[in-house]
Amino acid sequence: MAPPPYAAAVVVATVAVLVLVSQVSVAAGADCRFPAVFNFGDSNSDTGGLSATFGAAPPPNGRTFFGMPVGRYCDGRLVIDFIAESLGLPYLSAYLNSIGSNFTQGANFATAGSSIRRQNTSLFLSGFSPISLDVQSWEFEQFINRSQFVYNNKGGIYRELLPKAEYFSQALYTFDIGQNDITTGFFINMTSEQVIAYIPDLMERLTNIIQDGSGCSVAYNEVAQLFNQRLKETVARLRKTHADAAFTYVDVYSAKYKLISDAKKLGMDDPMLTCCGYGGGRYNFDDRVGCGGKVKVNGTWVVAGKSCDDPLKRVSWDGVHFTEAANKFVFDQIAGGKLSDPPVPLRQACQISRGQ
């Protein structure tokens with residue numbers, strides 16, 4: 001698929017972030033003016049896609065910031081929410097959510113459980129979403145064509161709910177995906193070597209889509225680090241292929257690792273202890289009873305997957321996703337550019353580095 005003419009900026013994050021810009025018009029050191037954000041990914045940035053499609057995320061999701069479940073698998077805001085806030089943009093509506101959505105300044109195509117490669121199974125059997133990255137890209141292509149047809153031909157209220165045509169070439173494009181591709185392999189008992197073997201395929205698929213330690217398993221971390229190294233190499237190749245585009249690789253893995261390894265120093269509780277879980281013990285986690293999940297007691301179903309008293313002190317929300325406090329920490333680490341290559345703040349990610 002040829003490079004899309006509308007692609008202005010892309011951020012890719014699994015454990016890393018990449019930014020692509022096709023048109024640069026700001027002076028050196030000046031802030032970019034993104035009128036919209038279009039996001040692709042998994043549960044790390046899903047603002048309601050899976051919830052709208054396969055069943056709503058139950059309480060106590062959303063308790064910290066929104067006061068109610070809003071499609072996010074978190075007690076509050078995600079990194080993509082903090083990115084939108086920092087750019088002065090509204091939170092992204094999920095493309096798959098038909099109720100109350102406003103796409104004037106962007107849309108979110110991410111769904112929890114998604115991966116770069118297609119899953120040869122169903123959500124109900126494996127827990128992984130059928131809405132892989134290529135499906136999200138097809139949704140986006142439809143969104144461009146259909147939104148502009150409706151905007152121009154129906155007008156009226158649709159002009160207040162859909163983006164202007166020029167926004168597609170000026171927007172920030174963010175990708176936060178890849179971790180499920182790694183965990184899928186481990187879930188079906190692949191060795192680290194077998195998982196590593198399909199990383200090149202992940203990079204090729206990701207390229208095609210763009211163009212049109214501490215307390216953790218050492219093996220998992222090694223694979224994640226290798227994935228990031230290959231991603232960085234992929235970014236370097238993309239820079240050569242698209243000389244008029246600005247690419248910024250941001251090491252989100254390091255931010256997350258620092259949070260987990262230094263949790264106590266940062267005023268957080270045990271980073272391995274789930275806030276919204278069930279079962280107590282070392283992790284307060286039971287994969288059969290998730291956050292908001294119920295168990296049968298004396299013939300009656302009661303909520304067992306309850307929230308801890310203070311999510312602001314926890315790193316892990318439900319054993320799979322970060323808390324809002326953790327997401328805020330990660331955003332603060334990456335926003336200033338100190339984990340970026342080249343080292344530019346997020347607000348200046350539309351600038352082409354002359355050393356590319």
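Smallest separation of non-hydrogen atoms from Ala94 and Gly49: CB-N, 3.4 Å. Between Asn108 and Ala110, the shortest heavy-atom distance links the atoms OD1-N, 3.0 Å. Residues Tyr151 and Pro163 share a closest heavy-atom pair of CD1-O, 3.9 Å. Nearest heavy-atom pair across Phe65 and Gly76 is CB-CA, 4.0 Å. The shortest non-hydrogen separation linking His321 to Tyr73 is CB-O, 3.2 Å. Nearest heavy atoms, Pro90 versus Gln105: CD-OE1, 3.3 Å.
No side-chain heavy atom of Thr300 sits less than 4.5 Å from a side-chain heavy atom of Val297. For the pair Asp181 and Val195, the minimum side-chain heavy-atom distance is 4.5 Å or more. For the pair Lys306/Tyr278, no side-chain contact is recorded, criterion being any heavy-atom separation below 4.5 Å from C-beta on. Taking the side chain as every heavy atom from C-beta outward, Arg72 and Tyr91 approach each other to under 4.5 Å. Considering only heavy atoms from C-beta on, Cys276 comes within 4.5 Å of Pro60 through its side chain. Counting heavy atoms from C-beta on, the side chains of Leu162 and Thr104 never come closer than 4.5 Å. Looking at Lys264 and Met268, their side chains never come closer than 4.5 Å, going by heavy atoms from C-beta outward.
Note on Ile80: it does not cluster hydrophobically with Val320, by side-chain heavy-atom contacts below 4.5 Å among ILVMFWY residues. If you chain together hydrophobic residues whose side chains sit under 4.5 Å apart, Val79 and Val70 never meet in one group.
Just one of Asp270, Thr323, Asp269 meets the side-chain hydrogen bond (donor to acceptor under 3.5 Å, both in side chains) condition when paired with Arg314; it is Asp269. Partner of Trp317 under the side-chain hydrogen bond (donor to acceptor under 3.5 Å, both in side chains) criterion, out of Thr274, Asn61, Asn327: Asn61 alone. A side chain to side chain contact (heavy atoms under 4.5 Å, CB included) with Asp42 is found for one member of Ile177, Ile131, Leu133, Leu50 and no other, namely Ile177.
At a cut-off of 3.5 Å, with distance as the only test, a side-chain donor of Thr174 or Asn39 sits close to an acceptor on the other residue. Between the side chains of Arg63 and Ser307, at least one donor N or O sits under 3.5 Å from an acceptor N or O. Side chains of Gln119 and Ser115: a donor on one and an acceptor on the other come within 3.5 Å.
Aromatic ring centres of Phe128 and Phe187: separated by under 6.0 Å. The aromatic ring centres of Phe322 and Phe329 sit 6.0 Å or more apart.
Crowding of Arg146 atom CZ: a count of heavy atoms from other residues, nucleotides or ligands under 6.0 Å not exceeding 12. Residue Phe66 places its CZ atom among more than 12 non-hydrogen atoms of other residues, nucleotides or ligands, all under 6.0 Å distant. Within 6.0 Å of OH in Tyr95 there are more than 12 heavy atoms belonging to other residues, nucleotides or ligands. Heavy-atom neighbours of Asn145 CG from other residues, nucleotides or ligands within 6.0 Å: above the threshold of 12. Other residues, nucleotides and ligands contribute at most 12 non-hydrogen atoms within 6.0 Å of the CD1 atom of Ile99. Residue Asn153 qualifies as enclosed at atom CG: its count of foreign heavy atoms under 6.0 Å is above 12.
In terms of modelled atom types and a separation under 3.5 Å, the side chain of Gln194 and the main chain of Thr191 share a donor-acceptor contact. Counting only distance, with no hydrogens or angles, the side chain of Ser93 and the backbone of Asn102 share a donor-acceptor pair below 3.5 Å.
Every residue was checked against the salt bridge (Lys or Arg N to Asp or Glu O under 4.0 Å) condition with Asp318, not counting sequence neighbours, and none meets it.
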For residues 334-346, dump all side-chain donor-acceptor pairs below 3.5 Å to protein atoms at least two apart in sequence or in another chain.
none

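For the pair Arg77 and Phe82, the NZ or CZ position fails the cation-pi test of under 6.0 Å to the six-membered ring centre and within 45 degrees of the ring normal.
In this structure, Phe140 and Phe109 have perpendicular ring planes: the angle between them is above 60°, well past the 30° mark.
The existence of a salt bridge linking Asp134 and Arg205 is excluded, since no basic side-chain nitrogen approaches an acidic carboxylate oxygen closer than 4.0 Å.
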